[in-house]
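Worksheet: one structure, shown below.
So that the names make sense, note that chain A is the first sequence line, chain B the second, and so on, each numbered from 1.
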Number of protein chains: 2
Amino acid sequence: MRKPVISVAACSYSHVLEIVANKWTSLVIYAMEDGTIRYGEMMRRIEGISQKMLTQTLKKLERDGLVHRNVIPAVPPIVEYSLTPLGESLLPSMRMLKEWAKNHYAEVEESREAYDSREQLPASVEG
Amino acid sequence: MRKPVISVAACSYSHVLEIVANKWTSLVIYAMEDGTIRYGEMMRRIEGISQKMLTQTLKKLERDGLVHRNVIPAVPPIVEYSLTPLGESLLPSMRMLKEWAKNHYAEVEESREAYDSREQLPASVEG
DNA sequence: CAGGATCCCGACCGATACTG
DNA sequence: CAGTATCGGTCGGGATCCTG
């Protein structure tokens, strides 16, 4: 009954993280949770994101089948983004993580501060 | 009724991702889900991780208060790691994501393949 | 308005060598 | 056994300029 090796390849778990686990992806998905939204509107909604990262993230999500891209031929062009059913199926998990964050992030920050203040002590100084 | 800006700072959600969202963190947490485990054993369990990344990841998790580090003075030294209650409280969310992965990752891969094969077309082929 | 193309810096991370 | 320290390559990602 030896415990199996945990490999990146074997563990489908890390594959999701591969999808969601970066600074912007989750925020981008989150911006679409209420429905269709345009490119420029997302830029404004997601504070601090660059146009490059937004485009890149949306492309990745479109490739993964989580996001639908709808181009409306017009001048100026209109491009709408929305979650696919697959993308929406990911929302509950993300909301659960978000709940955890809301409930426990304070503890994490406390822990960090405690840890960091401990780190400062050289050996016996700090008088 | 304007939708609020989604900011990295304001959205505690991304803070969790900040914790979990990298190549190794989730695998390391996952390696502790059954209880206490030693450093060397983790190295063996988590395929492909370097000692540097394991150490770094464990330190980060310890700082975040998710992991407990127990040093047993001995020769050779024994260092045991385990999840704190806070760390364990994160497991359900992670398992849910994992479930999603198991159930939907095939769709993601299909979507990727379809997307990539479409990309190849120079302009008008594929009748 | 919705991007594509470039430049560039810093963070991530693997490999290697050394230590208590 | 359980790390620390350092070097170096890769890549994420921001800033800027350009286009249909």
Side-chain angles (χ1 to χ4, degrees), chain A residues 6-9 14 17-29 31-32 36-64 67-82 115 118-119 121-123, chain B residues 6-9 14-15 17-28 31-32 36-64 67-82 115 119 122-123:
Chain A
I6 300 173
S7 75
V8 176
S14 58
L17 274 307
E18 199 178 287
I19 298 174
V20 172
N22 87 62
K23 195 174 172 184
W24 299 116
T25 308
S26 49
L27 292 178
V28 169
I29 292 179
M32 287 178 290
T36 297
I37 183 173
R38 292 180 62 177
Y39 184 89
E41 176 67 7
M42 294 189 85
M43 274 294 280
R44 263 167 276 126
R45 288 276 300 279
I46 307 174
E47 191 170 59
I49 197 169
S50 65
Q51 142 272 83
K52 175 183 170 179
M53 277 304 101
L54 179 55
T55 300
Q56 184 175 303
T57 303
L58 284 169
K59 246 184 188 152
K60 194 187 70 178
L61 289 172
E62 191 193 355
R63 189 175 102 102
D64 289 345
V67 162
H68 176 66
R69 180 171 182 266
N70 183 30
V71 183
I72 302 175
V75 184
I78 297 175
V79 183
E80 293 177 340
Y81 291 91
S82 56
Y115 186 96
R118 237 174 293 141
E119 290 296 275
L121 316 174
Chain B
I6 300 174
S7 75
V8 178
S14 61
H15 281 310
L17 273 308
E18 198 178 288
I19 296 173
V20 172
N22 88 62
K23 197 174 172 184
W24 298 117
T25 308
S26 49
L27 293 177
V28 169
M32 287 178 291
T36 297
I37 183 174
R38 293 180 60 178
Y39 184 90
E41 175 67 9
M42 294 190 85
M43 274 294 280
R44 265 167 274 126
R45 287 275 301 278
I46 307 174
E47 192 170 60
I49 197 169
S50 66
Q51 137 273 85
K52 174 182 170 179
M53 277 305 100
L54 179 54
T55 301
Q56 185 175 303
T57 303
L58 285 168
K59 247 183 188 152
K60 194 187 70 180
L61 289 172
E62 192 194 354
R63 187 175 104 103
D64 289 346
V67 161
H68 176 66
R69 180 170 182 264
N70 183 29
V71 182
I72 303 175
V75 184
I78 295 174
V79 183
E80 294 178 339
Y81 290 93
S82 56
Y115 186 96
E119 289 296 274

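Across D/dC1, D/dG20, D/dG13, the shortest atom-to-atom separation from the side chain of A/Pro77 is found for D/dG20. Picking from C/dA2, D/dG14, C/dA17 the nucleotide with the shortest atom distance to the side chain of B/Gln51 gives C/dA17. Closest contact between the side chain of A/Pro76 and the listed nucleotides D/dA2, D/dG3, C/dC1 involves C/dC1. The nucleotide whose nearest atom lies closest to any side-chain atom of A/Met53 is, among C/dC1, D/dG13, D/dA2, D/dG13. Side-chain proximity of A/Val79 to the nucleotides C/dA2, C/dC13, C/dC7 is greatest for C/dA2. For B/Lys52, taking side-chain heavy atoms from C-beta onward, the closest of the listed nucleotides D/dG3, C/dC13, C/dG3 is C/dC13.
As rounded to whole Å, 14 Å separates atom P of C/dC12 from atom CD1 of B/Ile49. Rounded to whole angstrom, the span from the OH atom of B/Tyr39 across to the P atom of C/dG20 amounts to 17 Å. Taking atom CG of residue A/Leu54 and atom C1' of nucleotide C/dC1, one finds them 13 Å apart after rounding to whole Å. If you take NZ of A/Lys60 and P of D/dC11, they are 15 Å apart, rounded to a whole angstrom. We find that CE of B/Met43 is positioned 13 Å from P of D/dT4, with the value rounded to whole Å. Between the CE atom of A/Met42 and the C1' atom of C/dG3 there is a distance of 14 Å, rounded to whole Å. For the pair A/Gln56 CD and D/dC11 P, the computed distance is 13 Å after rounding to whole Å. We find that CG of B/Leu58 is positioned 10 Å from P of D/dT4, with the value rounded to whole Å.
Remark: A/Arg69 is in phosphate contact with C/dG3, judged by side-chain N or O atoms under 4.0 Å from OP1 or OP2. The side chain of B/Tyr81 places an N or O atom within less than 4.0 Å of a non-bridging phosphate oxygen (OP1 or OP2) of D/dG3. The phosphate of C/dC1 has neither OP1 nor OP2 within less than 4.0 Å of any side-chain N or O from A/Arg38.
Smallest separation of non-hydrogen atoms from B/Tyr115 and A/Arg63: CD2-CG, 3.4 Å. Taking all atoms of both residues into account, the shortest heavy-atom contact from B/Ile37 to B/Ala31 is CD1-O, 3.9 Å. Among all heavy-atom pairs drawn from B/Leu58 and B/Tyr39, the shortest one is CD1-CD1, 4.1 Å.
Rounding to the nearest 0.5 Å gives a distance of 12.0 Å between CZ of A/Arg69 and OG of A/Ser82.
Ion pair B/Glu41/B/Arg44 flagged as a salt bridge, since at least one NZ, NE, NH1 or NH2 atom sits closer than 4.0 Å to an Asp/Glu carboxylate oxygen.
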